[in-house]
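Each remark here refers to the structure printed beneath this line.
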Amino acid sequence: MKKAVFTLSILIMIFFGLSAQEVFEQDRPMSLGMKPAHVILLQMNDVRDIEKMWDDYMREMGIKMKRNRKADEYFSEESELYSIGKGNTFNLYSRIQEQGDGAEIMVWVDLGSEFLTTSDNPSESKGLTEILLGFEKEVRIEKVRRELESEEDRLKEMNKDLENLVSDNERFHENIEDTKKEIKENEKNIENNLKEQESSKKKIKEQKVLMEAIKKRMEAIQAE
């Protein structure tokens with residue numbers, strides 16, 4: 001019963017660990033001031049690795065991100081992506097920061113005359129949302145991949161421990177066999193020892209008889 005509960009708990013943890021997040025819109029501070037951003041929570045908290053993943057993810061879409069170290073932002077000017085710009089270029093800004101046990105990515109899109117919002121640019125906002133949901137999925141996959149890698153390492157350690165236990169067991173059996181042989185040898189030695197003791201006692205008895213006879217001869221001579 002306990003094993004079943006433990007297994008169920010693991011399955012529940014895995015299920016919720018795989019749950020997707022939703023994109024929400026919120027004014028956030030960035031290099032150009034307080035601007036509306038599309039935000040999504042990520043299930044990893046290694047900011048540097050996520051930044052690398054984000055850079056690779058955007059490169060696959062043809063957008064090369066640059067880093068603004070002073071503002072701790074990544075940006076791309078005169079970007080082209082039909083799902084967001086509808087044929088027009090735009091400037092894209094992003095920042096990734098830790099958030100609780102995970103992280104969040106904020107993305108601002110400057111369309112030129114305004115920053116992208118759901119209310120004013122529903123179609124473009126949908127395009128950005130799909131991009132962020134796709135990236136969030138990539139992060140979840142990477143998290144699970146790392147968890148699997150970690151558990152594979154644990155399994156290797158467990159297998160190594162089992163191999164050591166099997167080796168110890170074989171050694172214990174060998175020790176038992178050696179001990180059994182030693183016991184048999186000692187039992188034989190004990191048997192021989194007892195026989196030798198009896199022989200020695202017999203010799204001592206005979207020696208005493210011999211010495212008694214010699215004493216009597218000496219007494220006879222002294223009595224002459």
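Numbering starts at 1 and runs along the sequence shown. Keep in mind it's a predicted model, so treat the numbers as computed, not measured.
- Put simply, the side chain of Met211 does not reach to within 4.5 Å of the side chain of Lys208, judged on heavy atoms.
- A salt bridge links Arg67 to Asp72: one of the charged nitrogens lies within less than 4.0 Å of a carboxylate oxygen.
- Between the side chain of Thr179 and the backbone N or O of Asn175 there is at least one donor-acceptor pair closer than 3.5 Å.
- Side-chain polar atoms of Trp54 and Ser94 form a donor-acceptor pair below 3.5 angstrom.
- There is a side-chain donor-acceptor pair under 3.5 Å between Ser123 and Lys86.
- Side-chain contact of Asn193 with Gln197: a donor-acceptor pair under 3.5 Å is present, judged by distance alone.
- Side-chain atoms of Glu73 come within 3.5 Å of backbone atoms of Ser31 as a donor-acceptor pair (strictly under, hydrogens ignored).
- At most 12 non-hydrogen atoms from other residues, nucleotides or ligands lie less than 6.0 angstrom from CG of Asp101.
- Side-chain contact check for Thr118 versus Lys126: every heavy-atom pair is 4.5 Å or farther apart.
- Put simply, the side chain of Ile63 does not reach to within 4.5 Å of the side chain of Arg59, judged on heavy atoms.
- Look at Glu151 and Arg154 and you find a salt bridge, because one of the NZ, NE, NH1 or NH2 atoms lies within 4.0 Å of a carboxylate O, short of that distance.
- Inter-residue side-chain proximity for Leu132 and His38 is flagged as met; some heavy-atom pair is nearer than 4.5 Å.
- Here the side chains of Leu41 and Gln99 are in contact, with some heavy-atom distance below 4.5 Å.
- Taking 4.5 Å as the limit, every side-chain heavy atom of Ser125 sits out of range of all side-chain heavy atoms of Thr117.
- Classification of Glu51 and Arg48 as a salt-bridged pair holds, one side-chain N sitting under 4.0 Å from a carboxylate O.
- A donor-acceptor pair is defined here as one N or O able to donate and one able to accept, closer than 3.5 Å; no such pair exists between the side chain of Asn68 and the backbone of Phe75.
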*Evaluate the side chain to side chain contact (heavy atoms under 4.5 Å, CB included) criterion for residues Ile40 and Leu133: first the C-alpha distance (whole Å), next the side-chain angles of each, then the deciding distance (0.1 Å), finally the verdict.*
CA-CA 8 Å; Ile40 190 168; Leu133 288 174; 3.8 Å; yes
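- Contact check for Trp108 versus Arg28: side-chain heavy atoms found under the 4.5 Å cut-off.
- Side-chain atoms of Leu32 and Tyr93, non-hydrogen and from C-beta on, do get closer than 4.5 Å to each other.
- A side-chain contact (heavy atoms from CB on, under 4.5 Å) with Glu124 holds for exactly one of Leu116, Thr129, Leu81; it is Leu116.
- A donor-acceptor pair under 3.5 Å is formed between the side chain of Asn186 and the backbone N or O of Glu182.
- Checked for salt-bridge contact, Lys202 and Glu198 miss the test: no charged N lies under 4.0 Å from a carboxylate O.
- A side-chain donor from one of Glu114 and Asn121 sits under 3.5 Å from a side-chain acceptor of the other.
- For the pair Arg171 and Asp168, the salt-bridge criterion is met [side-chain N within less than 4.0 Å of a carboxylate O].
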*Residues Leu128, Val109; criterion side chain to side chain contact (heavy atoms under 4.5 Å, CB included); working and verdict*: CA-CA 9 Å; Leu128 178 57; Val109 175; 3.8 Å; yes
*Could you go step by step and tell me if Leu42 and Ile105 meet the side chain to side chain contact (heavy atoms under 4.5 Å, CB included) rule?*
CA-CA 7 Å; Leu42 305 171; Ile105 179 170; 4.1 Å; yes
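- A donor-acceptor pair is defined here as one N or O able to donate and one able to accept, closer than 3.5 Å; such a pair exists between the side chain of Tyr57 and the backbone of Ile131.
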*So Val139 and Met53, side chain to side chain contact (heavy atoms under 4.5 Å, CB included) or not? Walk me through it.*
CA-CA 8 Å; Val139 173; Met53 290 178 65; 4.1 Å; yes
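- Look at Arg145 and Glu149 and you find a salt bridge, because one of the NZ, NE, NH1 or NH2 atoms lies within 4.0 Å of a carboxylate O, short of that distance.
- Using a 4.0 Å cut-off between charged side-chain N and carboxylate O, Glu136 and Arg140 make a salt bridge.
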